[in-house]
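Just so you know, residue 1 is the first one in the sequence shown, and it goes up from there. In this text the structure is predicted, and so the values were computed from the model without any measurement. No hydrogens, no waters, no symmetry mates; every other heavy atom, side chains included, goes into these values.
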Amino acid sequence: MSNMTNRFPNWPMATESEEKELLEALYSNQWWRMTGTKVKEFERIFAEMHNAKYALGVTNGTNAIDLLLKSFKVKEGDEVIVPAFTFISTALPVMSLGAIPVPVDIDPGTFCLDPEKVREAVTERTVGIIPVHMAGHLCDMDRLMEIAGEFNLFVMEDACHAHGGEWKGKRAGSIGDAGVFSFQQFKLMTAGEGGALVTNSQELYDLAFLYHNVGRPFGDKKYQHLVEGTNYRLSEFQAAVLLPQAGRLAEQNQRRECNAKILNEEIQNIEGIVPQGRLEACTLHTYYMYMFYYNPGKFGGISRERFVEMLNEQGIPAYIAYTQIHDTPIFKEFAANLDGSYSFPNQLNCPASRKVAEEVIWIHHRALLGDEETTRGIAQTIREIQSGVKARI
């Protein structure tokens with residue numbers, strides 16, 4: 001079996017462009033977003049990339065959700081619909097405000113929110129929906145926006161996996177009322193940490209700016225703290241690292257799409273492996289993660305965890321899927337402390353989400369940034385692992 005440790009590009013990618021931007025920021029002596037130029041320039045470019053009027057750079061994607069929830073005036077006791085299968089950060093800011101994240105089941109093919117399950121979960125306390133574009137596959141935004149309009153709900157796209165992704169040609173983050181992005185180490189664009197929100201609403205942008213700038217409006221010199229904000233500002237150094245990546249994103253997204261298609265073709269005949277599905281309306285899937293169901297019965301009973309270890313041993317950056325958010329200790333504690341008369345509208349019954357959480361594996365997007373031969377090598381490694389197991393039985 002050929003080891004693929006050195007076959008994939010490194011992530012993050014550091015180039016002379018990042019170095020140049022960082023040195024410019026360093027020697028400008030303006031390291032603060034309020035007086036520097038890098039954050040403002042990045043926000044302008046990032047907004048344009050996503051067909052949005054406004055972008056706001058912030059400390060991370062979790063804080064971006066928090067800022068928007070406050071800007072939407074979410075209050076204690078309100079319900080916000082979230083996917084049952086997502087990283088916990090989609091729900092944590094809702095919980096922090098005393099509101100209730102309502103986990104709703106997903107489509108078993110796309111791993112994104114199931115619109116019909118969303119409709120069934122709406123109650124008189126529901127104020128909004130946070131659809132997650134899982135692994136870069138955009139949710140069915142047509143149906144979700146229809147439901148939101150019917151019940152007067154806000155829609156905040158969690159696009160932390162979907163920088164530059166599209167639904168029917170519309171960019172992630174620009175379809176709902178607002179969208180949030182992450183620049184954490186693993187993400188499609190990264191500054192180690194960091195995040196952004198985008199919106200076409202000046203009112204939302206202005207409020208979010210206040211909340212992220214300890215309540216002070218832009219240009220304030222009289223310490224006018226208009227809201228109970230905090231400091232969620234992005235630094236000039238983070239923006240400097242992100243600026244060159246904005247110019248590389250489109251080509252990288254295209255390469256991942258091309259290589260994901262190759263990998264889908266390669267593994268379609270491997271028993272026990274079923275990749276994430278795709279709707280035709282998702283016109284650009286960013287493949288932050290290449291996700292697939294794994295059936296241990298077709299691999300000699302090797303557990304999912306052991307199979308992931310075997311992929312890692314061969315240099316393929318693989319991981320098990322997230323836990324359902326309502327199966328995490330923090331959510332269970334939160335739910336136990338709710339009023340005794342409260343019950344979740346769907347009784348937390350999410351079978352598709354549970355199946356994905358228990359059976360799915362994902363491969364980091366850098367594995368899709370290599371050449372065609374390297375991509376086919378991923379499938380070959382899986383075949384070799386399967387053949388080796390069968391040979392021992």
Side-chain angles (χ1 to χ4, degrees), residues 1-17 49 109-111 133-138 161-166 169 172 185-190 244-295 298-299 307-319 321 360-390:
M1 190 180 299
S2 58
N3 193 288
M4 304 187 71
T5 298
N6 298 315
R7 299 278 296 278
F8 305 118
N10 290 326
W11 195 265
M13 294 181 176
T15 72
E16 291 181 357
S17 296
M49 285 171 56
T110 67
F111 307 162
H133 301 319
M134 181 53 61
H137 186 298
L138 269 67
H161 297 174
H163 309 61
E166 294 181 359
Q185 174 87 355
F186 275 17
K187 297 301 188 291
L188 301 173
M189 296 176 63
T190 176
Q245 296 177 59
R248 297 197 294 262
L249 181 66
E251 187 276 330
Q252 289 176 340
N253 278 342
Q254 291 174 2
R255 191 186 309 179
R256 281 188 292 265
E257 282 229 278
C258 179
N259 284 334
K261 182 178 180 181
I262 292 170
L263 190 51
N264 284 340
E265 293 170 351
E266 285 285 325
I267 70 173
Q268 65 180 346
N269 295 321
I270 301 178
E271 286 189 295
I273 302 293
V274 179
Q276 177 190 27
R278 179 168 180 175
L279 299 177
E280 185 177 347
C282 179
T283 46
L284 200 162
H285 188 324
T286 63
Y287 286 100
Y288 166 63
M289 300 185 282
Y290 184 88
M291 307 186 80
F292 57 89
Y293 287 101
Y294 168 73
N295 180 353
K298 302 298 182 180
F299 286 79
F307 184 74
V308 165
E309 288 177 355
M310 294 174 76
L311 290 177
N312 286 326
E313 288 165 2
Q314 296 306 312
I316 298 173
Y319 309 82
V360 165
I361 291 168
W362 62 275
I363 295 173
H364 186 257
H365 65 84
R366 72 182 181 91
L368 294 178
L369 289 175
D371 55 25
E372 180 177 337
E373 180 183 358
T374 302
T375 302
R376 296 188 189 278
I378 297 171
Q380 181 59 27
T381 298
I382 294 173
R383 281 192 288 265
E384 289 175 358
I385 290 173
Q386 189 175 60
S387 297
V389 169
K390 289 181 177 179

Separation between [atom1] of [X] and [atom2] of [Y], rounded to the nearest 0.5 Å:
X: Arg7; Y: Thr375; atom1: CZ; atom2: OG1; answer: 9.5 Å
X: Ile273; Y: Leu263; atom1: CD1; atom2: CG; answer: 10.0 Å
X: Thr381; Y: Gln314; atom1: OG1; atom2: CD; answer: 6.0 Å
X: His133; Y: Thr110; atom1: NE2; atom2: OG1; answer: 11.5 Å
X: Ile382; Y: Leu311; atom1: CD1; atom2: CG; answer: 6.0 Å

Using modelled atom types only, decide if a donor and an acceptor are shared between the side chain of [X] and the backbone of [Y] within a distance under 3.5 Å.
X: Thr286; Y: His161; value: yes
X: Arg366; Y: Met13; value: no
X: Asn259; Y: Gly370; value: yes
X: Gln386; Y: Lys298; value: yes
X: Thr283; Y: Gly169; value: yes

With a 4.5 Å limit on heavy-atom distance, are the side chains of [X] and [Y] in contact?
X: Phe307; Y: Val389; result: no
X: Met289; Y: Met134; result: yes
X: Tyr294; Y: Val308; result: no
X: Met291; Y: His137; result: no
X: His365; Y: Leu188; result: yes
X: Glu166; Y: His285; result: no
X: Ile361; Y: Phe292; result: yes
X: Ile270; Y: Phe299; result: yes

Inset, instruction - Not counting sequence neighbours, which residues clear side chain to side chain contact (heavy atoms under 4.5 Å, CB included) with Ala14? List them please. - result: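 Ala14 satisfies side chain to side chain contact (heavy atoms under 4.5 Å, CB included) with no residue once adjacent residues are dropped.
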Legend entry - Distance-only polar pair, side chains of Gln245 and His163, donor-acceptor under 3.5 Å: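 No pair is found: no donor N or O on one side chain lies under 3.5 Å from an acceptor on the other.
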Nearest heavy-atom neighbours spanning [X] and [Y]:
X: Met4; Y: Thr374; answer: CE-O, 3.2 Å
X: Glu372; Y: Ile262; answer: CG-CD1, 3.7 Å
X: Gln185; Y: Thr190; answer: CA-OG1, 3.2 Å
X: Ala379; Y: Ile267; answer: CB-CG2, 3.6 Å

Inset, instruction - Apply side chain to side chain contact (heavy atoms under 4.5 Å, CB included) to Leu368 and Ile363, showing your working. - result: CA-CA 9 Å; Leu368 294 178; Ile363 295 173; over 6 Å; no
Legend entry - Check against side chain to side chain contact (heavy atoms under 4.5 Å, CB included), Leu138 and Leu279: CA-CA 9 Å; Leu138 269 67; Leu279 299 177; over 6 Å; no
Legend entry - Residue of the set Tyr287, Tyr319, Tyr290, Phe186 for which ring-ring contact (aromatic ring centres under 6.0 Å, His included) holds with His364: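 Result: among Tyr287, Tyr319, Tyr290, Phe186, Phe186 is the only option passing the ring-ring contact (aromatic ring centres under 6.0 Å, His included) with His364.
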Inset, instruction - Go through the structure and list residues passing salt bridge (charged side-chain N to carboxylate O under 4.0 Å, His left out) with Arg255, not counting sequence neighbours. - result: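 Per chain and number, Arg255 pairs via salt bridge (charged side-chain N to carboxylate O under 4.0 Å, His left out) with Glu251.
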